Amino acid sequence: MVSNRGGHFIESALDYEKKWIVKWSESKIFEADPNPSKPKFFICVPYSYQNGPLHIGHGFTFTRGDAYARFKRMQGYNVLFPWSWHWTGEAVAGTSERLKQGDQLIRKVLLEIDGVPNEIIDKFTDPAYISKYYTEENRKVVRAIGFSVDFRREFYTTDLHPYYSKFITWQYLTLKKKGYVTMGKHPVVWCPHCKSATGDHDRLIGEGVSPEEYTLVYFRMDDVYLAAATLRPETIFGVTNIWINPNHEYVITEVDGKKLLISKKAAEKLSQQKKNVKIISQVDPKKIIGKIVETPLTGVYIPLLPAEFVDPNFGSGVVYSVPGHAPYDYAGLLTLKKKVAEVDEYNIRNIVEKIKPISIIKVPDYGDYPAVEIVEKMKIADDKDPRLEDATREIYSKEFHSGILKENCREFSNQKVSEARENVKQKLIEEGLGDIMWELPEKVVCRCGTECLVKIVENQWFLKYSDPEWKKKVKEHIMTMKIYPEEARQWFLNVVDWLRDWACTRKTGLGTKLPWDPEWIVETLSDSTIYPALYTISKYLNRGDVKPEQLTPEVLDYIYLGIGDPAKISAKNKIDLKLLKTMREEFLYWYPVDMRISAKELVPNHLTFYLFHHVAIFDEKLWPRGISVNGMITIEGEKMSKSRGKFIPLKTSIIKYGADTTRCTLLLAAEDMDDPDWREKNAREVKLMIEQFLRVVEEVAKAPLVDETPVDKWLMSRLQRRIKNITTYMETLKTRKACHEALYGMYSDWRWFLRRTNNTISRTAVKFIEDWIKLLAPFIPFTSEEAWSILGKEGFVSVEPWPIVLGELINPEAELAEELIMKLMDDIRSIMDVLEKKPNRVIVYVASENKLELLEEALNIIKENEQKSLGKLITRIMEKLPGREKQAVALARALLDTVSSLISTYKHKTIIDAAKNEEEIYKRAAEFLSNELSTQIQVFKEGTIGLYDPLKKAETALPLRPGIYIE
RNA sequence: GCGGGGGUAGCCAAGCCUGGUCAAAGGCGCAGGACUGAGGCUCCUGUCCCAUAGGGGUUCGUGGGUUCAAAUCCCACCCCCCGCACCA
């Protein structure tokens with residue numbers, strides 16, 4: 001067990017961050033034990049592979065998880081947020097191997113990017129040491145960034161860990177028992193030199209290339225079959241001849257009792273894919289040119305012709321020719337017809353002349369012979385033209401997606417090309433006239449420099465994800481889960497559909513041995529599916545209450561499945577009965593997992609496997625309840641890459657900016673499945689904002705308080721809206737919006753408040769600040785704790801109750817009044833801008849009472865028929881204000897604008913009341929406005945006797961839209 | 001190719017599901033002003049084009065369509081990112 005010692009903190013940028021790490025740790029507030037009086041919430045993130053330092057990409061996902069955990073904790077849930085480390089896999093072993101071989105590049109990356117100290121790097125030749133080293137390092141980072149983890153439950157994977165492998169052993173025995181693990185074979189990209197599968201990361205050339213399935217089609221020539229490899233077996237109805245390359249070596253081999261004629265290279269390849277491949281004899285290809293062979297299924301006799309475009313290193317080195325539908329084949333014929341000498345040498349002139357394309361596929365946009373058409377259209381003259389690749393791709397794709405076999409295709413006639421392909425293949429194999437051959441579509445070269453080929457690995461263990469019943473259960477469960485964002489749900493469903501059996505064992509690397517076949521190790525993605533269940537009991541194991549060897553399958557059967565008699569199990573395994581029952585209860589208390597948060601790259605693999613395994617093993621009510629996925633980090637707009645230096649360890653940004661700034665910058669970077677972009681500039685801005693927040697709190701803490709200010713009601717009302725929004729956003733994992741509103745939204749309200757009160761702070765305003773601190777606590781917990789203590793509060797804000805909306809404090813009247821003031825200020829300003837001169841004074845004319853009816857009219861009209869409201873309102877205005885017909889249109893439009901902007905936020909009555917109080921509202925704000933605008937503001941009501949109104953602006957006044965005169 | 005996501009003003013990035021309140025939130029950058037010994041920080045104002053009274057014009061990848069009304073709905077197209085298996 002990796003020790004759980006504290007005290008080794010990395011240097012954070014900020015002293016107060018270090019302080020709170022210690023306080024949290026000492027107070028144990030994040031350690032979670034079952035508490036029947038509280039609702040539980042189990043949240044987790046996938047553990048990270050320990051082959052390098054945690055980087056800001058991890059930071060993004062994990063901070064979302066932590067923010068959510070903190071939010072739920074403040075909401076009163078008993079939150080379990082555990083942590084562990086993934087050691088399983090082959091990559092670390094690869095690093096060790098490369099280091100042993102003296103690979104300077106890997107050494108450089110380890111030293112310079114990962115920051116491994118020079119004096120210990122030689123120990124990295126031991127894979128286990130690497131994972132151990134990073135686990136120790138990364139634990140410090142997890143603490144430093146303030147994740148609210150219950151560290152008592154920590155573990156790491158593989159059989160290097162005393163009890164993890166016991167858990168995996170139980171898991172695989174259970175899966176096997178239920179029939180979800182089967183044995184089979186599968187093709188892999190293989191290095192003949194290294195004698196191992198060559199994964200993407202182990203390749204010099206050919207990243208992303210995977211084996212493709214070709215069909216071998218057998219053309220009989222006496223007792224030998226020419227085995228042509230094709231991606232399009234359905235085209236054998238259009239075959240006119242066979243191509244071989246006369247300038248290369250061909251052999252006759254015996255495969256499964258049949259004699260096949262293929263290129264020498266193909267025979268070597270095939271020997272990796274089939275048992276008992278024997279080379280019987282060499283064949284001189286020149287000597288068989290012109291011979292006639294029999295087509296399978298149709299029995300048609302066709303000739304064997306020479307073609308240089310046939311690559312003997314690809315496929316079987318034998319190609320059957322379909323000139324009507326394959327551009328290469330048609331071009332091959334054209335070429336051959338021009339090579340008079342060669343044709344005569346083989347004495348095949350007669351044969352060649354007679355060959356005509358055969359049309360077998362109907363396809364839109366083309367006639368009977370698409371290959372002929374495209375070759376002619378592109379003016380391709382011979383089979384060496386590189387554009388044949390494009391032509392082939394075009395025809396291939398077109399025919400696959402929209403082609404239908406014609407009447408001359410026997411029982412396959414009228415089938416879609418996409419269906420017929422599979423059917424013809426099956427038929428050929430059934431009849432013993434075909435087989436499957438795997439081939440790499442592009443060259444792949446192993447890191448060792450050897451060219452790779454495809455090998456069929458035998459006796460491989462698979463997880464049977466193809467099982468339709470299993471799939472069905474998983475899909476049904478996906479339909480009922482909480483998935484954020486919603487778009488991910490369809491993705492999951494697609495993945496389940498598409499998933500094939502998964503090779504779940506490996507021969508090399510770190511991991512846990514397959515219990516019934518210990519020469520295999522359970523593969524990395526397959527040993528990390530239901531481990532959240534282990535968290536529920538791991539604290540007892542870490543404490544030594546249960547010894548690893550006591551974790552037998554029957555003990556785990558009881559804890560996780562409730563199978564067996566606890567008394568007997570207790571006696572047999574010498575586990576205290578009470579403890580055994582406690583573990584069962586604790587598992588049932590925490591399970592299921594309520595929320596798992598991860599990057600979207602894990603949707604097609606880990607997260608889906610996670611669902612499959614839970615569905616396979618546990619009772620339905622223990623299946624995962626929620627998943628949230630997020631995007632993947634880019635750095636300054638570019639993809640993360642160690643070799644290009646686009647890599648920022650979390651530790652680096654914590655040291656540079658502090659933990660809270662790092663957290664907040666990440667959270668603000670993206671939402672849903674969008675990819676967050678880390679920009680140093682953003683981090684600097686966020687840091688300033690956090691400092692500003694702390695300054696605000698300090699000022700409030702010192703400020704003399706008044707009992708009340710006129711905008712308190714407004715402030716409290718705004719606060720309620722903010723609480724509501726932030727809470728809703730958090731509930732749906734909209735962490736960016738939530739964090740943004742908590743930081744910037746709250747700040748903008750606070751600024752307006754200070755402006756309006758001329759920096760006077762009331763007791764109510766302190767309440768606003770308190771809630772602000774709480775609302776920020778999930779995102780910037782260190783700063784929030786610090787702020788909480790600056791305010792003189794006891795305890796930890798991390799465990800304070802989350803603010804709830806107090807309905808009685810929602811005050812639309814107050815909000816609308818402020819909105820009117822802002823609007824008036826804007827209007828006055830925009831006029832001042834146009835005037836471009838310093839005004840002496842501004843007079844505001846509030847509409848007279850008799851215009852209130854117009855407002856009401858406008859509200860009703862909009863409500864009832866939004867379509868012709870303008871016309872109606874114009875009519876009403878003309879009735880109401882006779883003699884003002886000229887202005888009616890403008891007035892109506894202005895009124896409608898004003899009203900329609902308010903109607904969605906405020907109730908009818910609120911708007912009317914505000915209009916009634918309009919004069920009062922402006923008069924109360926007159927001093928404020930005068931200061932803001934640096935001029936004298938006077939407020940009068942339209943119709944006041946002796947009103948000073950040189951521009952007749954009072955007449956233009958409408959309710960909620962006063963007339964303005966500037967001089 | 002298949003599947004998923006996306007293209008919004010100088011940049012980043014909301015809005016799109018539930019059409020009108022959108023010239024379009026917020027942040028940055030830039031400009032002006034306040035504060036300051038000066039700066040930094042902070043605060044205010046402006047930042048598509050035109051306009052000497054709160055106005056008008058043209059914008060949300062491209063092209064069509066639906067609608068009284070479209071960044072928002074529908075169709076087609078172009079472009080970008082991610083995953084596609086034995087790799088964590």
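Lettering follows sequence order; numbering is per chain, from 1. Note that this is a predicted model, so its numbers are computed, not measured.
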Inset, instruction - Could you tell me whether the side-chain ring of A:Tyr396 sits stacked on the base of B:G1, using a centroid cut-off under 5.5 Å and a plane angle under 30°? - result: no

Inset, instruction - Determine the contact category for A:Ala503: base if any of its heavy atoms lies under 4.0 Å from a base atom, sugar-phosphate if only primed atoms, P, OP1 or OP2 are that close, otherwise nothing. - result: base

Legend entry - Candidate nucleotides B:A88, B:A85, B:C43, ranked by approach to the side chain of A:Ser210 - the nearest: B:A85

Legend entry - Pair of N/O donor and acceptor under 3.5 Å linking B:A88 base with A:Asn51 side chain: no

Inset, instruction - Ignoring backbone atoms, test whether A:Arg684 places a side-chain nitrogen or oxygen under 4.0 Å from the OP1 or OP2 oxygen of B:G40. - result: no

Inset, instruction - For nucleotides B:G37 and B:A31, find the distance between their P atoms and express it as a whole number of Å. - result: 24 Å

Legend entry - Nearest-angstrom distance from the residue atom OH of A:Tyr729 to C1' of B:G26: 12 Å

Inset, instruction - Under 4.0 Å between any heavy atoms, over every strand shown, what does A:Leu951 touch: base, sugar-phosphate, or nothing? Just pick one. - result: base

Legend entry - Base-pairing mate for B:G55 - Watson-Crick or G-U, with both contacts under 3.5 Å: B:C50

Inset, instruction - Assign A:Leu525 to base, sugar-phosphate, or nothing according to its heavy-atom contacts below 4.0 angstrom with the strands shown. - result: base

Legend entry - Separation of the C1' atoms in B:G26 and B:C78, to the nearest angstrom: 31 Å

Inset, instruction - May I ask which nucleotide in the shown strands pairs with B:U18, Watson-Crick or G-U wobble, both distances under 3.5 Å? - result: none

Inset, instruction - Can you tell me the distance, in whole Å, between the CH2 atom of A:Trp87 and the P atom of B:A88? - result: 16 Å

Inset, instruction - Would you mind telling me which of B:A88, B:G54, B:G4 lies closest to the side-chain atoms of A:Tyr49? - result: B:A88

Inset, instruction - Provide the distance between the two P atoms, one in B:C43 and one in B:C28, to the nearest whole Å. - result: 9 Å

Legend entry - Closest nucleotide among B:G15, B:C43, B:A53 to the A:Lys953 side chain: B:A53

Legend entry - Separation of the P atoms in B:U59 and B:A23, to the nearest angstrom: 13 Å

Legend entry - side-chain hydrogen bond (donor to acceptor under 3.5 Å, both in side chains) between A:Glu932 and A:Ser930, worked out: CA-CA 6 Å; A:Glu932 285 285 327; A:Ser930 300; over 6 Å; no

Inset, instruction - Would you sort out whether A:Arg841 and A:Glu967 count as a salt bridge (charged side-chain N to carboxylate O under 4.0 Å, His left out), showing the intermediate values? - result: CA-CA 6 Å; A:Arg841 64 167 169 166; A:Glu967 68 175 16; 2.8 Å; yes

Inset, instruction - Would you verify whether the NZ or CZ of A:Arg756 falls within 45 degrees of the ring axis of A:Phe928 while also being under 6.0 Å from that six-membered ring's centre? - result: yes

Inset, instruction - Answer whether the closest heavy-atom distance between the side chains of A:Tyr49 and A:Trp85 falls below 4.5 Å. - result: no

Inset, instruction - Select base, sugar-phosphate, or nothing to describe what A:Ile828 touches, counting heavy atoms under 4.0 Å on all strands. - result: nothing

Inset, instruction - May I ask you to say what A:Thr505 touches in the nucleic acid, namely base, sugar-phosphate or nothing, with a heavy-atom cut-off under 4.0 Å? - result: nothing

Inset, instruction - Grab the CD-P distance between A:Glu486 and B:C16 for me, whole Å please. - result: 16 Å

Inset, instruction - Take the protein atom CG of A:Asp672 and the nucleotide atom C1' of B:A13, then report the distance between them rounded to whole Å. - result: 13 Å

Legend entry - B:C44 and B:C49, which share atom name P, separated by this distance in whole Å: 24 Å

Legend entry - Closest-nucleotide ordering on RNA chain B, the 5'-leading residue of A:His186 and A:Phe400: A:Phe400

Inset, instruction - Would you indicate which nucleotide in B:C81, B:A53, B:G27 comes nearest to any side-chain atom of A:Tyr744? - result: B:G27

Legend entry - Most 5' of A:Gln50 and A:Asp677 on RNA chain B, judged by nearest nucleotide: A:Asp677

Inset, instruction - Would you indicate what A:Tyr965 reaches in the nucleic acid, counting non-hydrogen atoms under 4.0 angstrom: base, sugar-phosphate, or nothing? - result: base

Legend entry - Whether A:Glu212 side chain and A:Leu440 backbone form a donor-acceptor pair below 3.5 Å: no

Inset, instruction - Determine, for A:Arg718 against A:Asp749, whether the closest basic-nitrogen to carboxylate-oxygen distance falls under 4.0 angstrom. - result: yes

Inset, instruction - Remember a base hit wins even if backbone is also touched, and classify A:Trp502 as base, sugar-phosphate or nothing at under 4.0 Å, heavy atoms. - result: base

Inset, instruction - Using a heavy-atom cut-off of under 4.0 Å over every strand shown, decide if A:Pro962 touches base, sugar-phosphate, or nothing. - result: base

Inset, instruction - Would you mind classifying the nucleic acid contact of A:Glu90 as base, sugar-phosphate or nothing, using non-hydrogen atoms under 4.0 angstrom? - result: sugar-phosphate

Inset, instruction - In whole angstrom, give the distance that lies between atom CZ of A:Arg736 and atom C1' of B:G26. - result: 8 Å

Inset, instruction - State, to 0.1 Å, how close A:Val92 and A:Asn51 come at their nearest heavy-atom pair, and which atoms those are. - result: CG2-CB, 3.5 Å

Inset, instruction - Using the C1' atoms only, state how far B:G10 lies from B:G83, rounded to an integer number of Å. - result: 34 Å

Legend entry - Counter-base of B:A31, judged by Watson-Crick or G-U geometry with both distances under 3.5 Å: B:U45

Legend entry - Whole-Å gap separating P (B:G54) and CE (A:Met832): 16 Å

Inset, instruction - Give a yes/no on whether any side-chain N or O of A:Lys681 is located under 4.0 angstrom from OP1 or OP2 of B:C11. - result: no

Inset, instruction - Remember a base hit wins even if backbone is also touched, and classify A:Gln460 as base, sugar-phosphate or nothing at under 4.0 Å, heavy atoms. - result: nothing

Inset, instruction - Determine the contact category for A:Gly963: base if any of its heavy atoms lies under 4.0 Å from a base atom, sugar-phosphate if only primed atoms, P, OP1 or OP2 are that close, otherwise nothing. - result: base

Inset, instruction - Would you mind telling me which of B:U45, B:A53, B:G55 lies closest to the side-chain atoms of A:Met825? - result: B:U45

Inset, instruction - Return the value, rounded to whole Å, for the distance between atom CZ of A:Arg679 and atom P of B:G29. - result: 14 Å

Inset, instruction - Give a yes/no on whether any side-chain N or O of A:Arg751 is located under 4.0 angstrom from OP1 or OP2 of B:C43. - result: yes

Inset, instruction - Please work out if A:Asp674 contacts a base, only the sugar-phosphate, or nothing of the nucleic acid, heavy-atom cut-off 4.0 Å. - result: sugar-phosphate

Legend entry - A:Pro604, nearest nucleotide to its side chain (from B:C43, B:G15, B:G83): B:G83

Inset, instruction - Quote, to the nearest angstrom, the C1' distance that separates B:C30 from B:C82. - result: 35 Å

Inset, instruction - Check whether any side-chain nitrogen or oxygen of A:Asn494 sits under 4.0 Å from OP1 or OP2 of B:G4, and answer yes or no. - result: yes

Legend entry - P atoms of B:A24 and B:G56, separation to the nearest Å: 13 Å

Legend entry - The single option from A:Ser48, A:Ser528, A:Ser131 passing side chain to side chain contact (heavy atoms under 4.5 Å, CB included) against A:His86: A:Ser528

Legend entry - A:Glu691 CD to B:G40 P, straight-line distance once rounded to whole Å: 16 Å

Inset, instruction - Look at all strands and tell whether A:Asp827 reaches a base, only sugar-phosphate, or nothing, counting heavy atoms closer than 4.0 Å. - result: base

Inset, instruction - Would you classify A:Glu487 as touching base, sugar-phosphate or nothing, given that sugar-phosphate means primed atoms plus P, OP1 and OP2, and contacts are heavy atoms under 4.0 Å? - result: sugar-phosphate

Legend entry - Under 4.0 angstrom between A:Lys639 side-chain N/O and B:C82 OP1 or OP2: yes

Legend entry - Rounded distance (nearest 0.5 Å) linking atom OG of A:Ser628 with atom CZ of A:Arg596: 12.5 Å

Inset, instruction - Kindly point out which of B:C44, B:G15, B:C82 is positioned nearest to the side chain of A:Arg755? - result: B:C44

Inset, instruction - Can you tell me the pairing partner of B:A25 across any strand shown, Watson-Crick or G-U wobble, with both distances under 3.5 angstrom? - result: none

Inset, instruction - Would you name the heavy atoms of A:Trp750 and A:Val700 that are closest together and state the gap between them? - result: CZ2-CG2, 3.6 Å

